[in-house]
Student: 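Pasting in a structure now, in structure tokens, and then I'll have a few things to ask.
Numbers restart at 1 for each chain; the letters A, B, ... are given by sequence-line order, proteins then strands. Below, each value reflects all heavy atoms present in this structure, side chains not excepted, and no hydrogens, waters or symmetry copies.
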2 protein chains.
Amino acid sequence: MERPSLESFTARHHLDSRSLCAQIVEAREGTIAVRSAQAATDNLTRIIEATLRLANRKGFAAMTLRELARESGLSLGGLYAYIGSKDELARLIQAWVSRTLRRVMASALEGIEDSRSRLATAIEAHLLTTEALREWFFFLYMEAHHLASDERRQAVAAERNSEQIFADIIRQGQAEGHYGAMNADIAAGLVKAMLQDWYLKRHKHGERGLNVATYADTVIAATEALLAARA
Amino acid sequence: MERPSLESFTARHHLDSRSLCAQIVEAREGTIAVRSAQAATDNLTRIIEATLRLANRKGFAAMTLRELARESGLSLGGLYAYIGSKDELARLIQAWVSRTLRRVMASALEGIEDSRSRLATAIEAHLLTTEALREWFFFLYMEAHHLASDERRQAVAAERNSEQIFADIIRQGQAEGHYGAMNADIAAGLVKAMLQDWYLKRHKHGERGLNVATYADTVIAATEALLAARA
DNA sequence: GGATAGAAAACGAACGTCCGTTATACATTG
DNA sequence: CAATGTATAACGGACGTTCGTTTTCTATCC
């Protein structure tokens with residue numbers, strides 16, 4: 001099986017902050033008061049990267065727009081050319097990061113039929129995506145609970161969707177006789193927990209000198225072991 | 001192996017909010033302006049339970065003391081008989097929940113020598129403790145990142161300590177020849193991720209009709225499978 | 001090609017609101 | 001009637017947001 005490097009995976013799926021911000025600018029044409037897409041993307045990227053930096057340090061609610069202005073290099077009033085409100089800024093980030101994960105997972109799995117390849121690919125794609133957009137995913141996880149009910153339901157649905165991908169692969173593998181009869185939904189939940197640990201405890205993994213490829217191998221091996229166990 | 005029920009475990013280790021608050025009142029004698037330990041415990045329990053309810057819904061920073069007063073049944077000014085400041089309230093909860101986990105894990109493992117029994121006991125004790133004090137642990141996890149550096153270092157140390165317990169058991173099992181040669185620290189990290197998923201995604205597990213005993217069995221089986229795999 | 005006018009973008013002081021906290025007034029009880 | 005606990009009211013400060021102004025860009029003309 002080919003193992004894409006983090007760099008090639010990031011490039012292929014456009015997993016950098018600027019690419020995401022460019023998509024946001026394009027999708028929100030009309031809402032952003034700055035005409036030049038180039039300049040708007042530049043500034044929105046600085047705003048969002050500053051938001052992720054500050055919010056991941058002290059929490060989104062505790063972050064003030066004055067700090068955000070200072071950190072992003074814009075003025076307090078200037079922020080409002082790009083965002084409608086502070087809350088909208090949070091919704092923006094959340095919506096785009098979950099949509100990106102869905103997009104990349106679907107794209108990475110396309111054309112792969114064998115259930116064991118699909119499992120390994122899905123695990124790897126999840127880890128590489130969350131590694132490339134670490135701060136975005138950390139933000140999504142930590143702040144999703146505090147959204148208004150509409151957006152919150154959307155975030156829960158996205159989470160469920162990604163877990164469903166793993167459950168379906170596991171069911172396929174069971175049908176093909178590779179795995180034992182364990183409950184696929186619960187197994188998928190365990191896999192998801194291990195995957196999320198990667199970006200939630202980034203500091204710990206960094207200290208251990210663990211890189212994302214090694215962690216992917218570990219999680220793939222662990223998953224196959226626990227799926228085979230009850231055969 | 002005996003499997004304690006949630007109720008008996010909770011009772012044996014005093015894992016209810018009121019017991020914890022009673023300990024806090026005792027430890028903070030002098031800081032709390034109310035003389036009667038009985039009345040002080042009653043009110044502090046209401047304050048802390050209201051805090052957990054509100055903070056887990058909208059985040060600690062977004063929770064206001066006016067809401068807390070309403071939710072706890074005390075007056076705004078009255079709160080300050082029990083807490084020195086809003087921040088101190090957060091520190092209080094965090095300090096006591098991590099100290100409680102450490103206490104219970106040590107107590108549950110006492111006298112158990114066999115590594116496989118220790119592993120199962122540790123997993124079960126972790127799950128039962130976090131189940132009994134779900135809201136407390138959820139609060140610890142979600143708000144620990146935003147603490148001042150001193151308290152934050154303490155929280156990281158507590159986290160590391162509980163992971164170390166699992167790593168030590170795994171190393172013991174490897175020395176006894178039960179498990180393969182996998183890196184014990186990484187394996188312990190995977191176990192911890194599965195354990196934390198229980199209280200972080202409580203809603204999901206509830207919908208699946210999964211109870212804590214069943215989940216404990218699942219995690220124990222999964223852990224033994226992944227530890228045996230590389231034998 | 002430098003000057004200039006009009007548009008686009010950025011600025012930051014000011015506003016009303018609500019925050020955490022404190023000081024004061026009231027009730028309860030031994 | 002002290003003493004003790006609670007409720008009410010007030011305070012300064014900081015928040016998100018707005019808006020009149022200034023700066024920067026760009027196209028046009030001599």
Student: Closest nucleotide of DNA chain D for A:Gly84 versus for B:Arg66: which of these residues is on the 5' side?
Tutor: B:Arg66

Student: Give one of base, sugar-phosphate or nothing for A:Ala33, where a contact means two heavy atoms less than 4.0 Å apart.
Tutor: sugar-phosphate

Student: Look at the side chain of B:Val34 and decide which nucleotide, out of D:dT17, D:dG5, C:dT21, has an atom nearest to it.
Tutor: D:dG5

Student: Which whole-number value in Å describes the distance from B:Ile83 CD1 to C:dG20 C1'?
Tutor: 10 Å

Student: Of all the nucleotides listed (D:dT17, C:dA10, C:dA8), which has the minimum atom distance to the side chain of A:Arg35?
Tutor: C:dA8

Student: Looking at B:Arg91 and B:Glu151, is there a salt bridge between them, counting it only when a charged N and a carboxylate O are closer than 4.0 Å?
Tutor: yes

Student: Strictly below 4.0 Å: does A:Asn43 bring a side-chain N or O up to OP1 or OP2 of C:dA10?
Tutor: yes

Student: By the 4.0 Å heavy-atom rule, please label B:Leu76 as base, sugar-phosphate, or nothing.
Tutor: base

Student: Look at A:Arg208 together with B:Glu163 and state whether they make a salt bridge at an N to O cut-off of under 4.0 Å.
Tutor: yes

Student: Counting only side-chain N and O atoms of A:Tyr80, is one of them less than 4.0 Å from OP1 or OP2 of D:dC19?
Tutor: no

Student: Between B:Glu131 and B:Arg134 (salt bridge meaning N to carboxylate O under 4.0 Å), is one present in this structure?
Tutor: yes

Student: Are OP1 or OP2 of C:dA10 and a side-chain N or O of A:Ser75 less than 4.0 angstrom apart?
Tutor: no

Student: Under 4.0 Å between any heavy atoms, over every strand shown, what does B:Asp87 touch: base, sugar-phosphate, or nothing? Just pick one.
Tutor: nothing

Student: Calculate the interatomic distance between B:Leu79 atom CG and D:dT6 atom P; express it in whole Å.
Tutor: 11 Å

Student: Distance check needed: C:dA10 C1' versus A:Leu74 CG, whole Å only.
Tutor: 8 Å

Student: Starting from the 5' end of DNA chain C, give me the residue, A:Ser36 or B:Gly77, whose nearest nucleotide shows up first.
Tutor: A:Ser36

Student: In whole Å, what is the span from the NZ atom of B:Lys86 to the P atom of D:dA14?
Tutor: 16 Å

Student: The side chain of A:Thr64 lies closest to which of these nucleotides: D:dG16, C:dT21, D:dT6?
Tutor: D:dG16

Student: Rounded to the Å, how far apart are A:Asp42 CG and C:dA10 P?
Tutor: 10 Å

Student: In whole angstrom, what separates B:Gln38's CD from D:dT4's P?
Tutor: 18 Å

Student: Measure the distance from CZ on B:Arg70 to P on C:dG20 and round it to the nearest whole Å.
Tutor: 12 Å

Student: Using whole Å, report how far CZ of A:Arg46 lies from C1' of C:dA9.
Tutor: 13 Å

Student: Salt-bridged, A:Lys204 to B:Glu159, with N to O below 4.0 Å?
Tutor: no

Student: Under the criterion salt bridge (charged side-chain N to carboxylate O under 4.0 Å, His left out), I'd like the reasoning laid out for B:Glu67 against B:Arg57: C-alpha separation, chi angles, the key distance, then a yes or no.
Tutor: CA-CA 12 Å; B:Glu67 288 174 313; B:Arg57 193 184 310 148; over 6 Å; no

